[in-house]
Amino acid sequence: MSGRSTYYITTPIYYVNDVPHIGHAYTTLACDVLARFMRLDGRDVHFLTGTDEHGQKIEKAAAAVGLAPQAFADKVSVSFRDLVTKMNYSPDNFIRTTEKRHYAACQALWEKLAAAGDIYPGKYAGWYSVRDETYFVESETEVGTDGKRRALATGAEVEWVEEPSYFFRLSAWADRLLAFYERNPRFIAPESRRNEVISFVKGGLQDLSVSRTSFSWGVPVPGDPRHIMYVWLDALTNYITECGYPDTNAPLWKYWPADLHMVGKDIIRFHCVFWPAFLMAAGVAPPERVFAHGWWTNEGQKISKSLGNVIDPVELVDTYGLDPVRYFLLREVPFGNDGDFQRRALIGRLNGDLANAYGNLCQRVLSIVARNCAGQVPARGALIEADTALLERAGKLLDVVRAELAEQAFHRALTSIWEVIADANRYVDAQAPWALAKTDPARRDTVLWVLAEAIRRVTLLVQPFMPDAAGRILDQLGVPAERRQFAAFDRALEPGTALPPPQGVFPRFVETAKAAS
RNA sequence: GGCUGGGUAGCUCAGCUGGUUAGAGCACGGCACUCAUAAUGCCGGGGUCGGCGGUUCAAGUCCGCCCCCAGCUACCA
């Protein structure tokens with residue numbers, strides 16, 4: 001942990017050659033929960049997401065539909081902004097690589113690298129397919145029986161082509177990168193990814209081609225505008241563009257270095273090798289941490305457009321509700337691992353964890369309160385051991401969840417919260433407030449107060465995961481907005497506070513015949 | 001091929017530096033309760049901890065070999 005009061009967290013910028021799918025939704029969701037948690041915990045948070053709009057693919061996709069690249073990017077970028085609303089994400093800004101300030105940042109970074117002697121002109125050579133208009137790595141090609149080399153993916157004939165290109169002296173950075181990983185063991189997570197990156201770098205690094213002349217949709221290289229900057233040099237720079245680079249006196253520069261770049265496991269190399277090398281070469285501090293999460297499969301099958309089994313987050317939210325989907329994605333799979341998306345499992349979580357355990361706990365407690373306590377937070381008398389035991393378990397939760405989220409262990413944070421929910425359900429049965437109603441109303445009130453207070457503590461911590469549902473439960477507990485920050489975690493419910501009539505927050509999901517088939 | 005991680009109840013997984021009868025959640029069976037969203041609680045069945053061999057008073061937990069799975073092995077992102 002940095003120990004700073006600021007917290008800067010980023011998603012990758014999403015390539016607008018694609019419509020948003022579960023993978024995009026998942027990455028941003030994880031960031032959103034962290035951003036919300038840190039804000040509630042009093043940190044000065046900056047949460048950034050956005051779109052990557054340059055490159056040959058965009059140029060070609062735009063041409064294919066008869067649009068200028070910018071117009072095409074404008075159009076597709078909107079669907080990513082819509083997802084932000086749909087999923088109730090809370091970014092502080094949505095950055096686009098086509099912004100003027102981003103061109104300035106990229107070119108400034110380039111000039112810094114060039115001045116440091118880490119960029120030099122050379123030739124980029126590789127197996128080029130004229131038909132596919134793209135280069136292939138040697139391993140992606142194969143020499144056929146006729147002696148001609150072809151791309152494995154497309155079967156198109158490839159030829160050895162050389163074009164002028166600028167190179168970044170990455171080969172010179174291997175040792176410094178390894179030393180950096182050594183000094184910063186938290187830089188790459190999870191552990192298995194760290195091993196992969198280190199072994200990759202230990203295997204030796206080649207210089208990196210960082211400009212192209214084969215297309216023009218991108219940031220021109222300073223002093224040589226025939227060249228367009230390599231997409232990753234362009235894309236990664238967004239993280240510092242946002243902070244005002246190259247102006248280190250800019251108001252947002254206080255957020256750099258980023259506390260966390262959240263990425264999918266497919267782009268870990270760009271973030272853990274290229275990016276820190278670029279930054280160190282430019283004299284800018286590398287980010288604190290990169291977390292590479294896993295991928296989802298769909299009911300056991302690999303997700304692919306050609307299989308037509310892409311998971312649409314919008315459809316999920318429309319079917320199951322936003323908060324259950326947010327909960328499921330972060331609870332079902334240990335964060336960092338690949339996970340299998342199963343409707344049955346989602347429904348199981350929704351009905352079991354949310355409706356039965358948590359929602360029903362709130363409902364059974366609040367309805368007794370409503371019926372017996374004149375619509376107010378009940379009076380509390382002396383506490384017995386069972387009472388303090390439950391309250392203490394709920395009270396420890398803030399530290400537990402804070403520690404788990406420092407490691408991005410969302411599933412463990414949620415498991416801990418739900419253990420207290422289970423404790424609370426056991427406590428209700430053991431104390432049986434409905435029976436106390438006849439024998440000892442004062443004790444009944446105390447039991448209800450303890451339960452309401454335990455639910456308050458739990459729900460405060462549920463807020464980052466399910467902001468809307470948690471908000472509605474806190475409403476029903478009469479917790480005012482200004483006491484929903486973790487600074488107010490220890491401010492117990494005040495007896496006598498007026499409460500609105502209780503209302504179910506997590507309805508069970510009942511499968512219709514159609515949904516089941 | 002090389003490197004890394006993993007193979008523990010029907011399913012998903014915990015099991016740190018080796019130590020009493022191997023755990024949780026879900027699913028399944030029984031019981032209790034009736035405040036609650038047919039919710040909740042209690043009890044229970046079920047595992048030769050991938051295989052073989054070894055170290056040790058003692059091994060999912062250490063060592064060796066083997067089998068199986070996944071990821072990585074660079075410039076579309």
Can you check the distance between [N] and [M], where both ends of the measurement are the [atom1] atom (answer in whole Å)?
| N | M | atom1 | answer |
| --- | --- | --- | --- |
| C62(B) | G19(B) | C1' | 14 Å |
| A58(B) | U21(B) | P | 14 Å |
| U40(B) | G5(B) | P | 41 Å |
| G60(B) | G18(B) | P | 13 Å |
| A70(B) | C28(B) | P | 31 Å |
| G64(B) | U55(B) | P | 15 Å |
| G30(B) | G15(B) | P | 34 Å |
| G53(B) | C16(B) | P | 25 Å |

With no hydrogens and no angle check, do the side chains of Glu53(A) and Thr97(A) hold a donor and an acceptor under 3.5 Å apart?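 No donor-acceptor contact under 3.5 Å links the two side chains.
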Under 3.5 Å side-chain donor-acceptor pair for Asp266(A) and Trp295(A):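 Judged by distance alone, the side chains do not pair up.
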Check every strand shown and say whether [X] touches a base, only sugar-phosphate, or nothing at a heavy-atom separation below 4.0 Å.
| X | answer |
| --- | --- |
| Leu361(A) | nothing |
| Val505(A) | base |
| Gly359(A) | base |
| Asp52(A) | sugar-phosphate |
| Ser367(A) | sugar-phosphate |
| Asp207(A) | base |
| Gln206(A) | base |
| Tyr15(A) | sugar-phosphate |
| Gly204(A) | base |

Counting side-chain heavy atoms from CB outward, which of [options] is closest to [X]?
| X | options | result |
| --- | --- | --- |
| Arg426(A) | A39(B), G71(B), C42(B) | C42(B) |
| Gln363(A) | C35(B), A36(B), A77(B) | A36(B) |
| Phe274(A) | A74(B), A39(B), A77(B) | A74(B) |
| Val428(A) | C35(B), C72(B), U4(B) | C35(B) |
| Asp429(A) | C72(B), U34(B), U40(B) | U40(B) |
| Trp232(A) | U4(B), G71(B), A77(B) | A77(B) |
| Ala355(A) | A39(B), C35(B), U37(B) | U37(B) |
| Phe200(A) | U40(B), G71(B), A74(B) | A74(B) |

Given that Glu191(A) and Lys302(A) both sit by RNA chain B, which one's nearest nucleotide is further toward the 5' end?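 Result of the comparison: Glu191(A).
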Reading RNA chain B from 5' onward, which residue's closest nucleotide shows up sooner: Asp353(A) or Ser199(A)?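 Result: Ser199(A).
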Presence of [X] side-chain N/O under 4.0 Å of [N] phosphate oxygens OP1/OP2:
| X | N | value |
| --- | --- | --- |
| Arg331(A) | U12(B) | no |
| Arg371(A) | A36(B) | yes |
| Arg364(A) | A39(B) | no |

Spacing of [X] atom [atom1] relative to [N] atom [atom2], expressed in whole Å:
| X | N | atom1 | atom2 | result |
| --- | --- | --- | --- | --- |
| Trp418(A) | G25(B) | CH2 | P | 16 Å |
| Ile421(A) | A24(B) | CD1 | P | 20 Å |
| Tyr230(A) | A74(B) | OH | C1' | 8 Å |
| Ile188(A) | G71(B) | CD1 | C1' | 15 Å |
| Phe410(A) | C13(B) | CZ | C1' | 19 Å |
| Gln342(A) | A27(B) | CD | C1' | 13 Å |
| Arg212(A) | C76(B) | CZ | P | 7 Å |
| Glu299(A) | U12(B) | CD | P | 14 Å |

Only one of His271(A), Glu242(A), His261(A) passes side-chain hydrogen bond (donor to acceptor under 3.5 Å, both in side chains) with Thr10(A); say which it is.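 Testing Thr10(A) for a side-chain hydrogen bond (donor to acceptor under 3.5 Å, both in side chains) against His271(A), Glu242(A), His261(A) leaves exactly one candidate, His261(A).
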Just wondering, are more than 12 heavy atoms of other shown residues or ligands nearer than 6.0 Å to CZ in Arg226(A)?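 No.
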Other residues, nucleotides, ligands: >12 heavy atoms within 6.0 Å of Gln503(A) CD: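 No, not enclosed.
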Could you tell me which nucleotide pairs with [N] by Watson-Crick or G-U wobble geometry, both distances under 3.5 Å, or answer none if nothing does?
| N | result |
| --- | --- |
| C3(B) | G71(B) |
| G29(B) | C43(B) |
| C13(B) | G23(B) |
| C65(B) | G51(B) |
| A58(B) | none |

When rounded to the nearest 0.5 angstrom, what is the spacing between CH2 in Trp127(A) and CH2 in Trp160(A)?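 Those atoms lie 6.5 Å apart.
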Report yes if the distance between the aromatic ring centroids of Phe168(A) and Phe274(A) is under 6.0 Å, otherwise no.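 No, ring centres 6.0 Å or more apart.
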NZ/NE/NH1/NH2 to OD/OE distance under 4.0 Å, Arg393(A) and Asp423(A):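 Yes, Arg393(A) and Asp423(A) are salt-bridged.
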Is there a donor on the side chain of Asn356(A) or the base of A39(B) sitting less than 3.5 Å from an acceptor on the other?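 For Asn356(A), whose side chain was compared with the base of A39(B), there is no donor-acceptor pair (under 3.5 Å).
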Report yes if the side chains of Arg380(A) and Pro495(A) come closer than 4.5 Å at any heavy-atom pair, otherwise no.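 Side chain of Arg380(A) against side chain of Pro495(A), heavy atoms only: contact under 4.5 Å found.
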Syn or anti for G60(B), taking syn as within 90° of 0?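 Because its glycosidic torsion lies within 90° of 0, G60(B) adopts the syn conformation.
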